[in-house]
Amino acid sequence: MSRYNIKEAENKWRKIWLERKSFEVTEDTNKDKYYVLAMFPYPSGRIHMGHVRNYSLSDVVARYRKALGYNVLNPMGWDALGLPAENAAIENNTHPAKWTYSNIEAMRDQLKSMGLAIDWSRDIATCAPDYYKHEQKMFLDFYKKGLAYRKESVVNWDPVENTVLANEQVVDGKGWRSGVPVERRKLNQWFLKITEYADDLLAALKTMDGWPEKVRIMQENWIGKSFGAQFKFDLIGSDEQVEVFTTRPDTLFGASFVALSPDHPMAEQLAGDKEGFETFQAKCRSVGTSEAAIEQAEKIGFDTGHKVKHPFIEGAELPVYIANFILMDYGTGAIFGCPAHDQRDLDFARKYGLDVIPVVIPEDEDPATFTIENEAYTGPGKLANSDFLSGLAVDVAIQTAIKKIEELGKGTGVTQFRLRDWGVSRQRYWGCPVPFIHCDSCGLVPVPEEDLPVQLPDDVSFDKPGNPLDHHPTWKHVKCPCCGKDAVRETDTFDTFFESSWYFARYCDAHNEHEGFAKDKAAYWLPVDQYIGGVEHAVLHLLYSRFFTRALSACGYMDIDEPFTRLYTQGMVNHATYKDENGKWVFPKDVQKDENGHWVLVDGGASVTQGNVVKMSKSKKNVIDPQDPLDTYGADAIRLFILSDSPPDRDLEWSEAGLEGAWRFINKLYRQLMTAKEHMPESCDTTPESFSDSAKKLRSTTHATIAGVANDIESFQMNKAVAKIRELSNHLGEFKAEEESDYWAMREGYERLICCMNPMIPHLAEELWEILGHDTILADTRWPEVDESLLTSDTVTIAVQVNGKMRATITLPKDADKEMAEKAALSESGVQRAVGDKEIRKVIVVPNRIVNIVVG
RNA sequence: GCGGGUGUGGCGGAAUUGGUAGACGCGCUGGAUUUAGGUUCCAGUGGCCUUAGGCCGUGGGGGUUCAAGUCCCUUCACCCGCACCA
């Protein structure tokens, strides 16, 4: 018997699918559409295992839905703008465009070798001017709608490289290349008004039941709607005021200080001339702009020496601090501190010797004796030591305090969001240019639509630090479209989340030159029925896309609010890490076990230590290039393995042994079918008049498998679907056929098995389908029908417990009554032994489930 | 720090959603075939006890229940995100 020639067969089928344009689609109103979308890759150079996992999953969905008769759109493209291309340009002296496009070529070939059911005619790259020109138009429309504006905001600044640093480029508060402490710098930047939709984005989450609960919760927390009071403290010895926001106005009587963010406009003014302030500022500046960095930094404060009046207590004064843990972007950038009921305030108060006054007393505590030690009390209770609030419950006290603040004219109750507007400005070359012109006479002037796209110049140099667009000799110098005088282009480019916020719409009409997409085509395909991607995108990309969809609809581009009906977030692909004797990371392929079972370098045999199993990442070198297993074992094996063991939403540990197991299964199945086909009928077209008991049993397994696999695919439990396929193949392998109906059932079993595995391992499935004599191809074949009558059995085996411990199993007719079940249970020897001479107190019978005999 | 998640044999995981814990696979052990090895096939495989059989067992502790991996309380460990990485 010939062996399965994986390479030959896989190439053959990929060619056939391509020639037949099996996965190219057009709008067809006679068919229900199904849009399955996997997050598009950044063209970093090579595909990684995360891609393999992502696209294996979307491919299962695409092929399954196609088999169900849907008009399936499953596109692919490239999130091609971004920082790594510029880094490569600096390091390898290549142009970002050249680097990016050659990466795309390489990765496209790699993806094609996976045999994905993709409509490659819709391939897009976001770095192409014919892609980004449409988003420049969108931006101008957003601007007209008042959804885009400019304001000052803080960036990480590298004083040596004279460049803005991404958070990623800040390592321990220092620039990654220069090694000098980063500074914060304020720049005028472009923003999109996502906060305009905060309420809507939040409310819609409630109805999005196609999304994982955890993602909805994360977005809910990210948007962070809260209700509180915004009010002003009068600054003593001045007619100025400090405005704060608080969700806990009820604790105002416990206030012991007021604190401002170091970025607060008043900070400089209140403390600028004080001794030590400069040192303090320098310390704050060195923390970086990321929220994690700020929150985790040691809490430090600077006493401005100024004081404010307590709004409720006549004559009481509170010191004004500047504190590094106050975020300028949240609320008003200033707070009042109530140490007894907020942990951060408590830590701060302990450090600077400020009062800790409990004003909320837990139910079971005595106000006279209740004190706070090292833990702030944030739970419910009754107010105390709080004048007109004393005795009230927290929620009532909050309302009462706000009412009082409003009566006093100091402030109001407000709804506050944690969500900030989306800063889209980047001071980089490899991004979409912001289509604006700065004119000394006319101010900010939008680039006229007929002048779009504003194209990136090709001749740029990365020798000089800073933004290449800014120091390009000619690019930015233009005539003002309004007055014709000399003017300069905006040199900021967009955040690359901009491109990924609408690419799903571009796929609907990928080659439209005149507009981003035709409205009717988008209306046919959108929203995406099933979106699949990494959980790391749970908030930013997914929230930006939801916002963008609303903004585009507001500007008349489309008529939907939500872009993704169902969302699935896959887990990561992990691998062990290795370090050599110098503590440097080492690739798994450079490591092997020696005869004593210790990890050593392949080259030289020096000792290596194994570290944690974590997400595959270039920086830790714990990566496996999918190309190696693709070449060795073929696409089906790698697809099967990556779908097999772990549930798709959980992290998966890459395993060579597991991959080999998948490969063995493929070969085994081929052999098994080649043997079996000798005896099976030519087709299943003529159904036998009667079936043997063994044929009946096999058929019931077959049909249960079809139903089970379909169910598992729909609920994204691909690992279980694979297990069921293996089980059926095991059954078929062990099946002893004796008569005609047995052979018929066997053929039916194999045919259905092949259809079931087609979404996962399509090359082998097509090959076996052909071997069975079909002149159709599986890519065009419908999902097999389930004969429901074969799924029900007339007997059921259930467990018998004695005092909750399993002692026997009994087989009963389905839906047998309680007496019958009880009788059968008590007649089992194992049960009698366990009961012994103890008294039977109760017998619990759950029909078709369990019998539990309680003795004592 | 804040937010989200995960924890079941040597390993990845399954468990009809409160009802037979360990499906399916990897690994391992023994055997057969072939052999230079791999491949392939058969059998076994949670731990402990001397067996028919029994006891223990789902990160730890406590609880609810006839019955808990599943529900409640508490605790520990690890992983992910945090707005300029994509």
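Chain naming here is simple, since letters A, B, ... match the order of the sequence lines and numbering starts at 1 in each.
At a threshold of 4.0 angstrom between heavy atoms, the contacts of M39(A) with the nucleic acid are absent. L543(A) comes within 4.0 angstrom of no nucleic acid atom, judged by non-hydrogen atoms across all strands. Across all strands shown, D651(A) has heavy atoms under 4.0 Å from sugar-phosphate atoms exclusively, and none from any base. Using a 4.0 Å heavy-atom cutoff across all strands shown, K805(A) reaches sugar-phosphate atoms only and no base atom.
By the side chain to side chain contact (heavy atoms under 4.5 Å, CB included) test, K351(A) is found to be paired with E298(A), I300(A), residues two or more places apart in sequence or in another chain being considered. With sequence neighbours left out, the ring pair (Phe, Tyr, Trp, His ring centres under 6.0 Å) criterion links F547(A) to Y197(A). Residues that satisfy the side chain to side chain contact (heavy atoms under 4.5 Å, CB included) test with E828(A), not counting sequence neighbours, are A808(A), I810(A), V831(A). Partners of E822(A) under the salt bridge (Lys or Arg N to Asp or Glu O under 4.0 Å) rule, at least two apart in sequence or in another chain, do not exist in this structure. Every residue meeting the side chain to side chain contact (heavy atoms under 4.5 Å, CB included) condition with V154(A), not counting sequence neighbours, appears here in chain and number order: R184(A), K186(A), D263(A), T289(A).
Distance Q296(A) CD to G3(B) P: 13 Å, rounded to the nearest Å. The nearest whole Å value for the distance from the CG atom in D345(A) to the P atom in C2(B) is 13 Å. Distance CE (M616(A)) to C1' (C80(B)): 17 Å, rounded to an integer number of Å. Taking atom CD on Q219(A) and atom C1' on G3(B), their separation rounds to 13 Å, with Å as the unit.
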*K225(A)/R418(A) under side-chain contact (heavy atoms from CB on, under 4.5 Å): CA gap, chis, key distance, verdict*: CA-CA 7 Å; K225(A) 183 178 185 173; R418(A) 202 184 79 96; over 6 Å; no
*Between R53(A) and M572(A), is a side-chain contact (heavy atoms from CB on, under 4.5 Å) present by the stated rule, with each step listed?*
CA-CA 9 Å; R53(A) 195 176 197 192; M572(A) 287 165 309; 5.7 Å; no
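The salt bridge (charged side-chain N to carboxylate O under 4.0 Å, His left out) analysis of residues 646-657 of chain A, with sequence neighbours excluded, yields no pairs. For the salt bridge (charged side-chain N to carboxylate O under 4.0 Å, His left out) condition, the pairs that include at least one residue of residues 720-734 of chain A, sequence neighbours left out, are D712(A)-K724(A).
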*For nucleotides 14-35 of chain B, just jot down a letter per nucleotide in 5' to 3' order: B, S or -, based on protein non-hydrogen atoms under 4.0 Å.*
SS-S-BBS-BSSSS--------
Short heteroatom pairs, N/O only, protein and nucleotides 43-53 of chain B, under 3.5 Å:
none

Within the sub-3.5 Å range, which N or O atoms of nucleotides 73-77 of chain B have a protein N or O partner, and how far apart are they?
none

Table of protein N/O atoms under 3.5 Å from nucleotides 84-86 of chain B N/O atoms:
unit_1: C84(B); atom_1: OP2; unit_2: R426(A); atom_2: NH2; d: 3.0
unit_1: C84(B); atom_1: O4'; unit_2: R426(A); atom_2: NE; d: 3.1
unit_1: C84(B); atom_1: O4'; unit_2: R426(A); atom_2: NH2; d: 3.2
unit_1: C84(B); atom_1: O3'; unit_2: N167(A); atom_2: N; d: 3.3
unit_1: C84(B); atom_1: O2'; unit_2: N167(A); atom_2: N; d: 2.6
unit_1: C84(B); atom_1: O2; unit_2: R428(A); atom_2: NH2; d: 2.4
unit_1: C84(B); atom_1: N4; unit_2: Q189(A); atom_2: OE1; d: 2.9
unit_1: C84(B); atom_1: N4; unit_2: Q189(A); atom_2: NE2; d: 3.4
unit_1: C84(B); atom_1: N4; unit_2: Q427(A); atom_2: OE1; d: 3.3
unit_1: C85(B); atom_1: OP2; unit_2: N167(A); atom_2: N; d: 3.4
unit_1: C85(B); atom_1: OP2; unit_2: E168(A); atom_2: N; d: 2.9
unit_1: C85(B); atom_1: O4'; unit_2: E168(A); atom_2: OE1; d: 3.3
unit_1: C85(B); atom_1: O4'; unit_2: E168(A); atom_2: OE2; d: 3.4
unit_1: A86(B); atom_1: OP1; unit_2: L83(A); atom_2: N; d: 3.1
unit_1: A86(B); atom_1: OP2; unit_2: T496(A); atom_2: OG1; d: 3.4
unit_1: A86(B); atom_1: O3'; unit_2: D79(A); atom_2: OD2; d: 2.7

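Relative to the ring axis of F191(A), K151(A) places its NZ or CZ within 45° and under 6.0 Å from the centre. Judged by the 6.0 Å and 45° rule, R150(A) forms a cation-pi pair with W190(A).
Note that CG of N467(A) is 4.5 Å distant from CG of L469(A), once rounded to the nearest 0.5 Å.
Remark: E152(A) does not engage R185(A) in a salt bridge, criterion side-chain N to carboxylate O under 4.0 Å. With respect to D329(A) and R420(A), a salt bridge is recorded, a charged nitrogen being found less than 4.0 Å from a carboxylate O.
In this structure, Y568(A) has its ring center no closer than 6.0 Å to that of Y531(A). Side-chain rings of F498(A) and Y544(A) stay apart, their centers remaining 6.0 Å or farther from each other.
Using N1 to N3 plus N6-O4 or O6-N4 for Watson-Crick, or N1-O2 and O6-N3 for G-U wobble, each under 3.5 Å, C2(B) pairs with G81(B).
Residues from residues 707-715 of chain A placing a heavy atom under 4.0 Å of any atom in RNA chain B do not occur.
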